[in-house]
Student: 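Next up is a structure, given as structure tokens.
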Amino acid sequence: GDTGSAVLDGFSRLPEPLQQYVAVMVLYPEEGISPIQKAQMTANQAGNVHVVGVKSDFDFCQSTVKSIFKQLSGCSESSSGPFHSGCGVHLSAANSINWGRLLPQVVYHASAYLDLVRQGTISFGQEVDICIPTGNFGNILGAVYAKRMGIPFKRFVCASNRNNVLTEFLQTGCYDLRHRRLHRTISPSIDILVSSNLERFLYLMTGDGGLTADMFHQLEKHKVFSVPNQMLGQIQEDFVADWCTEEDCANTIKAVFQSKGYLLDPHTAVAKTVADRFSDSNRPTLIASTAHYCKFAPDILTALGKSPTSNNPVSHFQSLQSLNPRPALHAQLSKDIERPRKHHTVLEADPTQVFTEMEGFMRRYFGK
């Protein structure tokens, strides 16, 4: 929902001579993102992009891409990465399957800390806590790397919605999916149960690839794994975690707007709700705001007690504009939702269908 639209926007702006070499295919859960997120992505007019809905959830989309990459890895003598020999195309991911996704996140966590210094909120070197709404564990892992590089974060506050498997893990050391099902919430970008970057974090903690691989093999086979008590103790030296209900999230959106005139998107509201529970008078807490509220206009209006009377995104934006909120409405998004839909493909939750669709797009685009 957020990564997809960002990637589409970025790669659609490639200089024309480069577009012939780079194409982008985005998968999204058909019922797992907001209508405005979907409208933004499916209206992208660039010639080098293809947007595909899947009748499943984020976990299926991510695991399918990983499976395809594994299938195609080692198919090129010149690269160890995934390569489709029939089309002569190298493949890479733009979400945090690709470690490169974490690099800019490391940077903006450092930048946010330095902003506090510049504003005079803290002195250079003073510790702060950081709270991040978390599903796939990538953004918060970027903050962990930033701390390893010298940014003085004291505690990482992991904030979840109803899909609170990470809260349970960070509190108990047990990652248990045996009796869980995914809940669709008003913060869909963290509606995730299989948190792929947690594997990277546990390897960072242990330096033991065999142990980490064994834990995630247990998760794949038995839907559960536990970390040793000593490791849990190490994790809890730096991490606290909690989750919030849909009602709590909506109440936070309303309360912050009424008191500050500032509109939080639902993911940031999840973080704000949880951060307040761990507030420490000795140091400030940074909250990572991870999306613009306009993408979730109907839910924002409902939280404010102004339930929309139509399904028209344009009217939703007009209702938000009338509130004169901070930050201002997203100008580009306002234009995007008025464009006609270009991408209509929706697939069943079948990895073979996804692979076939990907091959077809590559052959059409690259002419192989």
Student: Parallel, tilted or perpendicular: which one describes the rings of Tyr365 and Phe361, with boundaries at 30° and 60°?
Tutor: tilted
Student: With respect to Glu30, which candidate in Lys55, Arg184, Lys38 satisfies the salt bridge (charged side-chain N to carboxylate O under 4.0 Å, His left out) definition?
Tutor: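 Exactly one candidate clears the test, Lys38.
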Student: Decide yes or no for Lys306 and Leu323: does some side-chain heavy atom of the first lie under 4.5 Å from some side-chain heavy atom of the second?
Tutor: yes
Student: Can you confirm whether more than 12 heavy atoms, excluding those of Lys260, are under 6.0 Å from its NZ atom?
Tutor: no
Student: Determine yes or no for a side-chain-to-main-chain donor-acceptor pair under 3.5 angstrom, with Asn136 supplying the side chain and Gly138 the backbone.
Tutor: no
Student: Hey, can you pull the donor-acceptor pairs under 3.5 Å for the side chains in residues 210-220, sequence neighbours left out?
Tutor:
from: Thr212; atom 1: OG1; to: Asp208; atom 2: O; distance (Å): 2.9
from: Asp214; atom 1: OD2; to: Gln218; atom 2: NE2; distance (Å): 3.0

Student: Is there side-chain contact between Leu166 and Trp243, with at least one heavy-atom pair below 4.5 Å?
Tutor: no
Student: Please check: side-chain N/O of Ser123 versus main-chain N/O of Gln126, any donor-acceptor pairing under 3.5 Å?
Tutor: no
Student: Could you point out which residue of Phe201, Phe225, Phe137 forms a ring pair (Phe, Tyr, Trp, His ring centres under 6.0 Å) with Tyr175?
Tutor: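 Output: one option passes, namely Phe225.
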Student: Parallel, tilted or perpendicular: which describes the rings of Phe153 and Tyr113, with under 30° parallel and over 60° perpendicular?
Tutor: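 Because their plane-to-plane angle is over 60°, the rings of Phe153 and Tyr113 count as perpendicular.
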Student: Are the side chains of Asn139 and Thr134 in contact, using a 4.5 Å heavy-atom criterion?
Tutor: no
Student: Check Arg283, Arg277, Lys154, Lys147 against Asp129 for a salt bridge (charged side-chain N to carboxylate O under 4.0 Å, His left out) and give me the one that passes.
Tutor: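 Only one of Arg283, Arg277, Lys154, Lys147 forms a salt bridge (charged side-chain N to carboxylate O under 4.0 Å, His left out) with Asp129, namely Arg283.
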Student: Angle class for the His292/His330 ring planes (parallel below 30°, perpendicular above 60°, tilted otherwise)?
Tutor: perpendicular
Student: Which residues satisfy the ring pair (Phe, Tyr, Trp, His ring centres under 6.0 Å) test with Phe355, sequence neighbours excluded?
Tutor: none
Student: Can you check whether Val240 reaches Leu170 side chain to side chain, under 4.5 Å on heavy atoms?
Tutor: no
Student: Would you indicate whether Phe257, at its atom CZ, is surrounded by more than 12 heavy atoms from other residues, nucleotides or ligands within a distance under 6.0 Å?
Tutor: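 Enclosed: over 12 neighbouring heavy atoms sit under 6.0 Å from CZ of Phe257.
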Student: Are any of the side-chain heavy atoms of Phe296 and Ile186 separated by less than 4.5 Å?
Tutor: no
Student: Do the side chains of Cys294 and Phe317 get nearer than 4.5 Å, heavy atoms only?
Tutor: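 Yes, their side chains come closer than 4.5 Å.
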Student: Could you check Ile300, Asn161, Thr252 and say which one makes a side-chain contact (heavy atoms from CB on, under 4.5 Å) with Pro266?
Tutor: Ile300
Student: Give a yes or no answer on whether the side chain of Gln105 reaches the backbone of Ala143 with a donor-acceptor pair at less than 3.5 Å.
Tutor: no
Student: For the side chain of Asn164 and the backbone of Asp242, is there at least one donor-acceptor N/O pair under 3.5 Å apart?
Tutor: no
